[in-house]
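Here is the structure we will look at.
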Amino acid sequence: MMIHSLPLAPALYVFGDSLLDSGNNNLLPTLARADYLPYGVDFAEGSTGRFTNGRTVADYIAEFLGLPYSPPYLSIERPLTSQLTGLNYASASCGILPESGSVYGKCLNLNDQIDLFERTVKSELPKHFVNGSNELISEYLSKSIFIFAIGSNDYMNNYLEPDIYSTSEHYPPQPFAQLLMDTLAQRLYSLGARKVVMFEIDPIGCIPAFTRTQKHNGQCVNEINQIVSFFNQRLPALLSNLTSTLQGSTFVLGEASLLSYDAIRNPSKYGLADSSSPCCTTWENGTSGCIPFLLTSCPDAYKHFFWDAFHFTEAVSSIIAARCFNTSTCSPFNIKELVQV
C-alpha cells in the first residue's frame, strides 16, 4: 500500500457495521465474525476480520488520504505509543438501535462506538499532544475525516425479523425510519467531529440473502428497498441540519444506494459480470456467509458484485470509495474537497 509523504488529513475515524468492520468482532463473543479464509483471500494481511475478499471502502479512503488503514479499536495495545492516524470502531451485526443484531452475540452498536470514541478523545489523545493541549486536540479532530456506514442491521437484524423482534408491530416503516434518524442525530451531535461522511443504506432488497429466500419480481425485493428508502430519503435533511446547527462542521452524504443499485442492475457498466450470486461458496444455497476455509470458488472476484450473501467485493468498495473521493457521489463535497473545507 502506498502512503503519501504528506497525508491529506491527520486521521481517519471509522464507524459502522460489517461493511467497514476491520476486526473488532474478532475480539467479541459473537457469531458475526470473518476472521477466517476465504474472507481476506485478496487482502495483503489475510483474514483480518473484514467481511469481504479484500479492502473495504474505509481502506480505500485511507489510501486516497495517504493514511495507514485505521486499526480496529479493540485490537490496539495500550498505552498508545504510535502517531494516531485514526481508529476503526465499526462492528458487524450492530446498528443504530442498541437491540439490533443482539441475537448474534455481543457487538458495538452506535452508542458503544461513540462512547469508545469519546474515551479516545478524553483519555488517549491527550497523551499524544504536548501537555495534553485541548487546542491542539481540537485542531487535529477538526481536520480529521470521520466516516459512517450504519443502519442496514436495524432493518436486516431487527425490523425485517418479525419472528425475533416486535419492532415492525410497533412502528410502520416511516416512523421507524424517523426513530433511526432521531437516534442518529442525537449521537452525531455529541461526536465533536467536524468533517463527517455518512453513507446511505445500500439496497438490501437486492442482496442474495433476500433475493434467494423471498418471492419477488425482477432482480430485487422491491418491498424491502422501499422500506429502507424512507431512511435514505430523510438523511440529506438531517445532515444539512447538522451542518447548519453545529458551528464549523460539514456533514457529507455518501450516495451509495443509487450507485450500488445501478451497479446491480447494469453490472457491465462498472466492469462487473455477476451482480446476483455470492462469489464465495456459502451455507444454505448462497444465502449466508462463506463456508470457512473453502478456497476453491471464485478466482474472478473482481467481476462479482457480491462476495457472500450480504457483503460486496473489494471491486465494489473500490468503485464506491473512488467516486466518493473524487466525484459527486459524496455531496455537497467529495472527500478531496472536504479536506480543504
Side-chain angles (χ1 to χ4, degrees), residues 9-30 32-35 48-52 55-62 65 67-80 82-102 104-128 137 140-141 144-154 157 180 183-199 201 251-252 254 311 317 321:
L12 175 67
Y13 286 94
V14 180
F15 301 80
D17 52 33
S18 55
L19 293 177
L20 299 182
D21 188 346
S22 60
N24 281 308
N25 274 34
N26 297 355
L27 300 156
L28 294 171
T30 175
R33 291 166 72 146
D35 53 345
T48 55
R50 289 163 167 83
F51 285 74
T52 181
R55 288 164 284 186
T56 66
V57 169
D59 294 328
Y60 278 106
I61 290 172
L65 289 169
L67 292 167
Y69 302 144
S70 304
Y73 177 86
L74 295 182
S75 73
I76 293 294
E77 288 183 20
R78 290 169 173 78
L80 297 169
S82 59
Q83 174 65 35
L84 201 54
T85 53
L87 288 166
N88 185 319
Y89 304 86
S91 178
S93 82
C94 253
I96 295 167
L97 302 179
E99 63 272 21
S100 297
S102 55
Y104 297 103
K106 172 70 182 150
C107 57
L108 305 174
N109 59 52
L110 183 64
N111 285 340
D112 297 328
Q113 293 180 36
I114 292 182
D115 287 348
L116 291 175
F117 172 71
E118 284 174 358
R119 185 193 297 175
T120 300
V121 172
K122 286 174 182 163
S123 65
E124 291 168 346
L125 281 183
K127 295 165 189 164
H128 287 260
I137 292 171
Y140 158 87
L141 289 173
S144 296
I145 302 293
F146 293 73
I147 62 170
F148 284 78
I150 199 161
S152 60
N153 288 316
D154 294 292
N157 296 334
L180 295 180
T183 313
L184 185 61
Q186 219 171 358
R187 289 318 315 245
L188 292 179
Y189 268 114
S190 69
L191 188 61
R194 292 290 174 267
K195 298 179 178 183
V196 180
V197 179
M198 180 88 204
F199 284 98
I201 298 176
F251 284 79
V252 164
H311 307 98
S317 291

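Please read all numbers here as calculations on a predicted model, not as lab measurements.
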Could I get the full list of side chain to side chain contact (heavy atoms under 4.5 Å, CB included) partners for [X], not counting sequence neighbours?
{"X": "I76", "value": "P71, R78, L80, L87"}
{"X": "A321", "value": "V57, Y60, I61, F64"}
{"X": "S152", "value": "D17, M156, I201, I204"}

Name all residues meeting the salt bridge (charged side-chain N to carboxylate O under 4.0 Å, His left out) criterion together with [X]; count only those two or more places apart in sequence or in a different chain, and write none if there are none.
{"X": "E99", "answer": "none"}
{"X": "K106", "answer": "D112"}
{"X": "R33", "answer": "D35"}

Partners meeting side-chain hydrogen bond (donor to acceptor under 3.5 Å, both in side chains) with [X] (sequence neighbours left out):
{"X": "N153", "result": "N157"}
{"X": "S102", "result": "Y165"}
{"X": "R187", "result": "N111, D115"}
{"X": "S93", "result": "none"}

What's the spacing between [X] [atom1] and [Y] [atom2] if we round to 0.5 Å?
{"X": "D59", "Y": "S22", "atom1": "CG", "atom2": "OG", "value": "7.0 Å"}
{"X": "L191", "Y": "L110", "atom1": "CG", "atom2": "CG", "value": "9.0 Å"}
{"X": "F199", "Y": "I150", "atom1": "CZ", "atom2": "CD1", "value": "13.5 Å"}
{"X": "F146", "Y": "M198", "atom1": "CZ", "atom2": "CE", "value": "14.0 Å"}

N/O donor-acceptor pair under 3.5 Å between [X] side chain and [Y] backbone:
{"X": "N24", "Y": "S91", "answer": "no"}
{"X": "N88", "Y": "L20", "answer": "yes"}
{"X": "N25", "Y": "G49", "answer": "no"}
{"X": "T85", "Y": "P68", "answer": "no"}
{"X": "E124", "Y": "R119", "answer": "no"}

Next item on the list: Decide side-chain contact (heavy atoms from CB on, under 4.5 Å) for S190 and I114; before the verdict, give the C-alpha distance in whole Å, the side-chain angles of both, and the deciding distance to 0.1 Å.
Entry: CA-CA 8 Å; S190 69; I114 292 182; 4.0 Å; yes
Are [X] and [Y] packed together at the side-chain level, in the sense that at least one heavy-atom pair is separated by less than 4.5 angstrom?
{"X": "L65", "Y": "I145", "result": "yes"}
{"X": "D21", "Y": "P72", "result": "no"}
{"X": "Y73", "Y": "L27", "result": "no"}
{"X": "T56", "Y": "L19", "result": "no"}

Note to self: Applying ring pair (Phe, Tyr, Trp, His ring centres under 6.0 Å), can you list everything that pairs with F15, at least two apart in sequence or on another chain?
What the structure shows: Y89, F117, F148
Margin query: Once ring pair (Phe, Tyr, Trp, His ring centres under 6.0 Å) is applied, do any residues pair with Y104, and if so which ones, sequence neighbours excluded?
Written below: none
What heavy-atom pair brings [X] and [Y] nearest, and what distance separates the two atoms?
{"X": "Y69", "Y": "R55", "result": "OH-CD, 3.4 Å"}
{"X": "P10", "Y": "L67", "result": "O-CD2, 3.8 Å"}
{"X": "G86", "Y": "Y140", "result": "N-OH, 4.3 Å"}

Notebook entry, point to check: Do you see a donor-acceptor pair shorter than 3.5 Å between the side chains of T52 and R50?
Noted result: no
Check: In terms of heavy-atom contacts, does CD of E118 have more than 12 from other residues, nucleotides or ligands at under 6.0 Å?
Finding: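 It does: E118 CD has more than 12 such atoms within range.
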